[in-house]
Amino acid sequence: MAGVRLEHVYKKYPGSDLASVKDINLDIKDKEFLVLVGPSGCGKSTTLRMIAGLEEISEGKLFIGDRLVNDVAPKDRDIAMVFQSYALYPHMNVYQNMAFGLKLRKFKKADIDKRVREAAKILDIEHLLDRKPKALSGGQRQRVALGRAIVREPQVFLMDEPLSNLDAKLRGQMRAEISKLAKRLETTVIYVTHDQVEAMTMGDRIVVMKDGIIQQAASPEELYNHPTNIFVAGFIGAPSMNFIAGSLNDKGGELRFKADGIDVVIPEGKAKVLRDKGYANKEVVLGIRPDDFHEEPVFMEASPNTIVSAHIDVAENLGHEMILYLNGIGTQAVTARVDGRSTLREGQNVKLALDMNKAHIFDKESELNVFEN
Amino acid sequence: MSDWEQLQHILNCPIIAEDLLVSDHSEWTNLEPGMVLMEQAESLKAVWRVDYRTIRQLTIKRSTWTDTERALVQWAITQQAGQGLTSSYELDSKSDNERKSRALGEWIVQQAAIGGMETIPGSLASDGRLYAEMIPFLLETDQAAEASALSDLQKLLASFLDEDVIVIPLKAQEWLVLAPVSLMRDTLEERDDQTDMLEESLVSIGSGLHEMLASEWIGECHLAVGRPIKPVKSIVQSVILLQETIELGRIYDMGSNIHLPWNMHLERLLISIPENVRLRYVEQAFGRSDVFMEPETLSTLETFFALDCNVSETAKKLFIHRNTLLYRLDKLKQESGLDVRVFRDAVLMKIILLLYKVTKRT
């Protein structure tokens with residue numbers, strides 16, 4: 001197994017002035033499960049394809065282990081790939097599909113057999129080894145594609161949206177299995193997804209990308225609690241963080257955030273940072289997650305300076321939680337998540353307290369998180 | 001007594017016959033089979049090929065000759081050199097097959113360039129498989145191929161398909177692969193819609209082949225798959241069609257590496273329209289072609305058309321909410337005046353989209 005290092009990597013397509021991927025610097029540790037996440041066109045798949053050798057690197061260096069592999073063919077990089085549009089070999093049975101790569105590399109028959117059967121056992125497809133791909137379900141085919149990668153025992157696994165062709169239930173199941181598998185095989189995995197839930201649940205570290213640039217690379221907890229900018233804050237977490245444009249008013253020893261329908265006090269610790277950085281009496285963007293709205297009387301009593309009033313446009317009860325779509329705070333709809341046992345209903349006016357200790361303040365121009373930069 | 005011993009006896013002078021390796025004598029590398037080099041000084045020397053690796057050199061030590069003697073010796077040597085071709089010539093089968101493939105490839109390229117519809121001439125059609133039904137695959141790579149690419153590819157395909165395939169090199173980075181139709185037996189099913197089934201089966205084999213070539217051979221490559229043909233009759237037409245399919249695929253279907261001729265009818269028609277007519281049409285039909293400059297609009301429309309204008313499936317495929325997709329389509333309707341959920345507008349938009357792509361490309 002090995003780590004992967006990208007140093008100032010760029011990708012420019014012929015005929016295009018703009019780079020699709022810009023100045024990527026990443027040090028992926030041996031045995032790390034790294035997830036590249038971002039919206040379509042953010043450069044995550046291009047980055048993975050450059051690591052795989054399927055796209056040429058326009059500029060910069062790529063190391064697998066200590067070896068510079070910019071000019072090494074995909075087959076010689078000691079990697080295994082599982083892509084969204086994986087294709088099994090239709091004329092071979094499952095066993096042959098998994099064994100083919102090893103056969104080409106002139107492994108002994110006994111070794112091939114051992115590896116294929118071990119991988120099949122891990123993936124629970126031992127009973128399918130004689131079947132042809134057309135006789136398999138979507139989930140089984142996905143397992144075979146994984147098996148074909150596993151038997152190679154590569155230094156690095158590369159996966160590009162490998163679960164996107166599966167239905168939601170199977171996707172959840174396979175997500176857990178891939179995580180388990182990565183731990184069991186103790187191998188480095190680089191995994192591309194558009195799905196932040198997949199990223200949060202699978203990755204040791206997540207790299208959030210936008211417009212070909214890394215926005216933030218951090219652990220799931222770090223990304224959720226300490227997003228570096230508005231994009232990351234909005235991308236990670238479902239429902240998304242609420243953003244309310246307003247101003248910070250420093251009056252009577254209190255720093256307050258004010259906008260239409262909201263006037264709340266910033267806690268002292270955060271206020272000090274904001275004052276020190278010159279944000280007092282300036283326009284900013286408040287970021288608050290749906291989870292940080294509270295209707296519990298205890299919380300309301302303890303935080304009288306952070307209470308807001310709003311109208312409930314829609315209330316979605318999911319059983320264990322209720323999602324409220326609120327009107328009247330700032331200029332856009334705001335989402336709050338409360339306990340599923342709440343008695344709140346659509347059409348009601350409601351008072352909720354914000355946990356301002358967990359709030360974020362973003363610079364209006366640069367969109368950077370004031371507390372994290 | 002050997003032929004040379006008999007000649008030595010008739011001429012009454014020493015004759016020395018030596019077999020030499022071509023690799024040790026670069027001056028004879030270009031000596032074609034059947035060709036004899038002769039020179040006469042103090043002795044008469046003749047050189048000809050025995051096989052691909054070996055040259056025979058004959059030295060007859062005699063300074064004075066009558067015309068009859070010289071003619072007799074020349075006839076004997078020519079006979080020996082010619083005999084070598086038919087009887088004692090040791091064919092290196094691997095090199096010979098490669099030579100035949102290359103010769104056939106050169107002929108196909110020449111014919112394709114002039115749009116020829118010829119059947120393969122007998123001298124190039126010695127391989128009986130060219131008379132049977134075969135599936136044609138055209139393979140193109142952007143990476144420079146190594147000198148051993150042809151034999152590497154042959155070995156790889158033989159191992160992968162476990163069938164007797166023919167690989168014909170066309171250009172430096174382009175190969176025609178002919179695989180027997182028996183390859184489809186595992187992917188065909190008993191169904192009524194035979195045409196759809198055949199195409200599905202070919203797509204399935206093509207996808208597997210592409211995946212294998214990308215990961216186990218040269219990296220990214222483009223592959224076009226055709227319906228089965230009898231190569232001896234229609235190999236040139238098939239190559240022309242597959243080359244055109246890859247060319248169209250690279251323009252119109254940039255995200256894909258597997259290109260199918262039966263999916264390119266409209267594209268083939270549109271690319272034949274002269275550029276000035278195309279531009280005029282786009283301008284007239286749709287003043288604001290800059291709407292397509294948005295990658296989001298392009299990908300939305302491509303996915304929407306690929307999924308037969310199904311809103312739910314498109315939203316799912318694009319990982320966006322159905323309402324987000326509807327918002328995008330409404331926005332496009334406002335900007336272009338075309339509602340792609342209506343058949344008539346969808347057809348027009350599809351044509352404009354294709355024309356835009358080819359216009360942007362040229």
Side-chain angles (χ1 to χ4, degrees), chain A residues 13-16 18 20 39-42 45 49 52-56 71-77 79-93 96-97 100-106 131-135 145 148-149 152 154 158 161 164-165 167-168 193-196 198 211, chain B residues 141-146 152 155-163 179-180 182-189 197 200-221 223 254-258 294-296 298-300 303 316-320 324 360-361:
Chain A
Y13 287 100
S16 170
L18 297 171
S20 306
S40 325
C42 73
S45 286
R49 289 171 65 80
L54 298 175
E55 297 274 3
E56 227 173 285
D71 298 320
V72 176
K75 67 180 168 60
D76 301 323
R77 289 192 180 193
I79 50 166
M81 303 174 265
V82 183
F83 288 160
Q84 176 182 357
S85 56
Y86 65 90
L88 299 181
Y89 309 144
H91 58 297
M92 295 182 185
N93 64 23
Q96 291 162 332
N97 258 280
F100 182 71
L102 301 179
K103 193 177 135 193
L104 269 191
R105 285 165 183 77
K106 308 238 181 301
R131 287 202 201 164
K132 290 271 168 67
K134 69 172 184 185
R148 210 163 53 182
R152 299 262 298 270
L158 304 178
E161 304 266 16
S164 62
N165 288 339
D167 61 47
T193 180
H194 70 282
D195 182 348
Q196 57 97 16
E198 229 167 80
D211 300 334
Chain B
T141 74
D142 293 329
Q143 293 91 329
E146 290 171 13
D152 291 350
K155 271 187 232 162
L156 186 61
L157 290 174
S159 172
F160 179 66
L161 298 173
D162 219 7
E163 297 270 3
S182 56
L183 198 60
M184 290 194 293
R185 66 176 173 252
D186 294 322
T187 51
L188 288 173
E189 291 164 31
M197 195 178 62
E200 273 172 34
S201 174
L202 291 171
V203 172
S204 165
I205 295 167
S207 305
L209 181 59
H210 173 264
E211 174 113 354
M212 187 280 293
L213 291 169
S215 59
E216 306 292 359
W217 190 48
I218 203 158
E220 210 48 284
C221 54
L223 189 76
M254 285 194 286
S256 174
N257 291 76
I258 300 165
E294 288 282 323
E296 186 183 274
L298 264 179
S299 67
T300 304
T303 312
K316 204 169 142 192
K317 181 84 179 172
L318 290 171
F319 311 120
I320 56 175
T324 310
K360 191 178 146 211
R361 177 96 174 186

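In what follows, every chain begins at residue 1, and chains take the letters A, B, ... in the order their sequences are listed.
Note on residues 206-215 of chain B: pairs passing salt bridge (Lys or Arg N to Asp or Glu O under 4.0 Å), not counting sequence neighbours, are A:R148-B:E211.
Taking each heavy atom of B:G208 and A:P90 in turn, the nearest pair found is CA-CD, 4.3 Å. The two residues B:S215 and A:M81 come nearest to each other via the heavy atoms CB-CE, 4.1 Å.
At a 4.5 Å heavy-atom cutoff, the contact between B:K317 and chain A is made by side-chain atoms alone. With a threshold of 4.5 angstrom between heavy atoms, A:L104 approaches chain B through side-chain atoms but not through N, CA, C or O. Of the atoms belonging to B:L209, not a single heavy atom falls under 4.5 Å from chain A.
Under the 4.5 Å side-chain criterion, counting only non-hydrogen atoms from C-beta, A:F100 is in contact with B:S159.
Ranked by heavy-atom pairs shorter than 4.5 Å toward chain B, the options A:L54, A:N97, A:D195 are led by A:L54.
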Task: B:E216 vs A:K103, salt bridge (charged side-chain N to carboxylate O under 4.0 Å, His left out): CA-CA, chis, key distance, verdict - done: CA-CA 11 Å; B:E216 306 292 359; A:K103 193 177 135 193; over 6 Å; no

- [ ] Would you check, one step at a time, whether the test side chain to side chain contact (heavy atoms under 4.5 Å, CB included) holds for B:I205 with A:H91?
- [x] CA-CA 8 Å; B:I205 295 167; A:H91 58 297; 5.7 Å; no

Open item on the list: Go through it in stages, so that I can follow the logic: the residues are A:S40 and B:L318, the test is side chain to side chain contact (heavy atoms under 4.5 Å, CB included), and I'd like the CA-CA distance, side-chain angles, deciding distance and then a yes or no.
Closed with: CA-CA 8 Å; A:S40 325; B:L318 290 171; 5.9 Å; no

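Take A:R77 and apply the side chain to side chain donor-acceptor pair (under 3.5 Å) test, not counting sequence neighbours, and it matches no residue.
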